[in-house]
Number of protein chains: 2
Amino acid sequence: MKLSTRGRYGTRLMLQLAANYGKKTPLPLTEIARREEISVKYLEQLIIPLKAAGLIESRRGAHGGYVLAKDPDEITIGQVLQILEGNISPVPCVKDPSFCIKYETCNTRKLWETMDKAISKSVCEMTLKEALSA
Amino acid sequence: MKLSTRGRYGTRLMLQLAANYGKKTPLPLTEIARREEISVKYLEQLIIPLKAAGLIESRRGAHGGYVLAKDPDEITIGQVLQILEGNISPVPCVKDPSFCIKYETCNTRKLWETMDKAISKSVCEMTLKEALSA
DNA sequence: TATTTATCCTTCCGGTTTAGTAGGAAAAAA
DNA sequence: TTTTTTCCTACTAAACCGGAAGGATAAATA
Ligand code: FES
Ligand code: FES
């Protein structure tokens with residue numbers, strides 16, 4: 001039950017942008033790539049859906065780069081993971097009952113719901129700001 | 001970040017055995033397969049590592065089947081998942097620091113540790129007995 | 001205007017994992 | 001000796017993962 005590199009790298013990317021929030025110049029991917037030791041090419045891919053979701057804004061050309069579109073305390077880790085990994089529930093039926101045939105009589109459903117809630121409460125509801133200062 | 005069918009089906013399998021604990025006759029896979037609507041062939045595969053780990057005992061031949069090797073309150077969901085899915089941490093470095101090059105300076109490490117603990121406390125430490133009565 | 005620095009856009013790919021299936025051997029009970 | 005059940009070894013189609021490649025477009029600067 002692993003988080004993929006999309007979720008992990010994407011979160012690091014967002015935290016870099018959060019740390020840069022309020023600064024005058026946007027942060028280019030080349031700089032983030034250097035700091036995080038992740039290839040620019042891969043970061044480019046990860047940032048597409050984050051921008052599409054409205055979490056990030058970009059400025060092209062020299063001295064361009066990316067900035068958060070909102071305050072770091074208005075973006076949660078859960079949003080970031082949802083965008084990059086899709087539904088983060090450890091078991092799909094938690095969000096989509098039709099996934100399991102035996103949904104009604106399943107002896108493990110409550111178990112997975114408990115796990116899902118624990119994950120949500122612990123990190124999904126955490127904001128970038130909180131994650132930075134943690 | 002999904003649990004695979006191994007972990008999900010395996011847990012259901014173990015809960016069936018837990019419900020059968022103390023009964024006179026062992027529970028054959030054909031019966032578990034019927035109740036859970038999972039193929040016998042697949043259950044056979046899942047039960048191998050569970051038996052190897054000493055959680056289960058078997059009796060061959062007619063009227064044979066499987067029984068828990070321990071009390072349902074001495075087996076945790078975490079043990080079952082560990083056996084079937086391997087390390088369950090959402091991010092490997094939580095258990096194996098050498099996994100991440102930037103371990104020292106990583107801005108997300110605490111985050112994943114928090115998530116890992118939340119998962120452990122919520123369900124991994126739960127026993128089969130507790131899971132049954134939940 | 002030419003160059004440089006960036007984002008933006010599309011495509012491709014090898015390797016691993018997942019979710020099983022298939023076929024039969026061995027043992028125990030009836 | 002037939003039936004039931006575990007036990008054992010292979011096999012595989014499809015999906016997913018973790019990127020790399022190659023270039024187009026836009027903006028700032030010299
Ligand atoms: S695992 Fe989905 S309902 Fe049980
Ligand atoms: S993700 Fe492993 S140290 Fe940061």
Side-chain angles (χ1 to χ4, degrees), chain A residues 1-13 17 20 24-34 36-53 55-67 69 81 84-88 90-92 99-101, chain B residues 1-13 17 20 24-34 36-53 55-67 69 81 84-88 90-92 99-101:
Chain A
M1 203 187 63
K2 295 276 173 282
L3 230 38
S4 71
T5 55
R6 292 176 63 85
R8 300 201 320 268
Y9 294 0
T11 306
R12 284 158 63 183
L13 162 61
L17 289 178
N20 193 63
K24 287 171 185 171
T25 56
L27 197 55
L29 282 189
T30 48
E31 175 60 16
I32 298 178
R34 192 187 60 72
E36 295 290 346
E37 297 178 44
I38 305 171
S39 84
V40 173
K41 280 299 186 188
Y42 197 29
L43 285 177
E44 280 180 344
Q45 282 200 24
L46 302 187
I47 216 165
I48 292 173
L50 291 170
K51 198 195 164 193
L55 264 49
I56 287 178
E57 282 168 0
S58 63
R59 212 159 76 200
R60 301 178 77 166
H63 290 158
Y66 295 91
V67 287
L81 293 181
L84 290 170
E85 301 252 347
N87 183 1
I88 204 180
V91 174
F99 181 83
C100 285
I101 320 172
Chain B
M1 203 188 65
K2 296 275 172 284
L3 231 37
S4 73
T5 55
R6 291 176 63 85
R8 301 202 317 270
Y9 294 1
T11 306
R12 284 158 63 183
L13 163 61
L17 289 178
N20 194 63
K24 286 172 187 171
T25 56
L27 197 56
L29 283 190
T30 48
E31 175 61 16
I32 298 178
R34 192 187 61 71
E36 295 291 345
E37 297 177 44
I38 304 170
S39 85
V40 173
K41 279 300 187 185
Y42 197 29
L43 285 177
E44 280 181 345
Q45 280 202 25
L46 301 187
I47 216 165
I48 292 173
L50 291 169
K51 196 195 165 195
L55 264 49
I56 287 178
E57 282 168 1
S58 62
R59 210 158 75 201
R60 300 176 80 165
H63 291 157
Y66 295 92
V67 287
L81 292 180
L84 290 170
E85 302 251 345
N87 183 0
I88 204 178
V91 174
F99 180 83
C100 286
I101 320 173

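Protein chains get the first letters and strands the later ones, always in sequence-line order, with residue 1 at the start of each. Bear in mind that the values here come from a model prediction, so they are computed numbers and not experimental data.
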A.B. asks: Starting at CG of Leu27(A) and ending at C1' of dT7(C), how long is that distance when rounded to a whole Å?
C.D. replies: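 It is 14 Å, rounded to the nearest whole Å.
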A.B. asks: Over all heavy atoms of both residues, which pair between Val91(A) and Arg8(B) is shortest? Give the atoms and the distance, please.
C.D. replies: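 Nearest heavy atoms, Val91(A) then Arg8(B): CG2-CD, 3.6 Å.
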A.B. asks: Check the distance between dC8(C)'s P and Leu50(A)'s CG and give it to me in whole angstrom.
C.D. replies: 12 Å
A.B. asks: So, is Tyr9(B) close to the dT18(C) phosphate, meaning a side-chain N or O under 4.0 Å from OP1 or OP2?
C.D. replies: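 Result: no.
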A.B. asks: Measure the spacing between CG of Asn87(B) and CE of Met1(A) and express it to the nearest 0.5 Å.
C.D. replies: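 One finds 10.0 Å between CG of Asn87(B) and CE of Met1(A).
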A.B. asks: Could you tell me from which nucleotide to which nucleotide of DNA chain D, 5' to 3', there is an atom under 4.0 Å from chain A heavy atoms?
C.D. replies: dG18(D) to dT29(D)
A.B. asks: Please determine whether a side-chain nitrogen or oxygen atom of His63(B) lies at a distance below 4.0 Å from atom OP1 or OP2 of dA30(C).
C.D. replies: yes
A.B. asks: Under 4.0 Å, heavy atoms only, any strand: does Ile47(B) hit a base, just the sugar-phosphate, or nothing?
C.D. replies: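 No contact at all - Ile47(B) keeps every heavy atom at 4.0 Å or more from the nucleic acid.
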A.B. asks: For Glu85(B) and dT17(C), give me the distance from atom CD to atom C1', rounded to whole Å.
C.D. replies: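 After rounding, the gap between these two atoms is 12 Å.
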A.B. asks: How many angstroms lie between CG in Leu17(B) and CG in Leu55(B), if you round to the nearest 0.5 Å?
C.D. replies: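 Leu17(B) CG to Leu55(B) CG: 10.0 Å, rounded to 0.5 Å.
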A.B. asks: May I have the distance from Leu46(B) (atom CG) to dT21(C) (atom P), rounded to whole angstrom?
C.D. replies: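 The distance from CG of Leu46(B) to P of dT21(C) comes to 11 Å, rounded to the nearest Å.
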A.B. asks: In whole angstrom, what separates Glu37(B)'s CD from dG20(C)'s C1'?
C.D. replies: 17 Å
A.B. asks: Whole angstrom is fine here: how far is it from CZ in Arg59(A) over to P in dC8(C)?
C.D. replies: 12 Å
A.B. asks: To the nearest 0.5 Å, tell me how far Ile47(B) CD1 sits from Leu84(B) CG.
C.D. replies: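 So the CD1 of Ile47(B) and the CG of Leu84(B) are separated by 10.0 Å.
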A.B. asks: Using only modelled atom types and a 3.5 angstrom limit, is any donor from either the side chain of Gln45(A) or the base of dT10(C) paired with an acceptor on the other?
C.D. replies: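 Per atom types, no contact qualifies.
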A.B. asks: Grab the CE-C1' distance between Met1(A) and dT17(C) for me, whole Å please.
C.D. replies: 16 Å
A.B. asks: Are the side chains of Ile38(A) and Arg12(A) in touch, meaning some heavy atoms are under 4.5 Å apart?
C.D. replies: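 Ile38(A) vs Arg12(A): side chains touch.
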A.B. asks: Name the closest nucleotide to the Arg60(B) side chain, picking from dA28(C), dT5(C), dA30(C).
C.D. replies: dA28(C)
A.B. asks: Could you walk me through whether Glu85(B) and Leu3(B) satisfy the side chain to side chain contact (heavy atoms under 4.5 Å, CB included) test, starting with their C-alpha distance in whole Å, then the side-chain angles of each, then the deciding distance to 0.1 Å, before giving a yes or no?
C.D. replies: CA-CA 8 Å; Glu85(B) 302 251 345; Leu3(B) 231 37; 4.0 Å; yes
A.B. asks: Would you give the length of the straight line joining atom CG of Leu29(B) to atom CG of Leu43(B), rounded to the nearest 0.5 angstrom?
C.D. replies: 5.5 Å
A.B. asks: Between Lys51(A) and dC8(C), does any side-chain N or O lie under 4.0 Å from OP1 or OP2?
C.D. replies: yes
A.B. asks: Between Ser4(B) and dA19(C), is there a side-chain N or O to OP1/OP2 distance below 4.0 Å?
C.D. replies: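 For dA19(C), OP1/OP2 do have a side-chain N/O of Ser4(B) under 4.0 Å.
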A.B. asks: Measure from NZ on Lys41(A) to P on dT11(C) and round the result to the nearest Å.
C.D. replies: 15 Å
A.B. asks: Tell me whether the OP1 or OP2 atom of dT21(C) has a side-chain N or O from Ser39(B) closer than 4.0 Å.
C.D. replies: yes
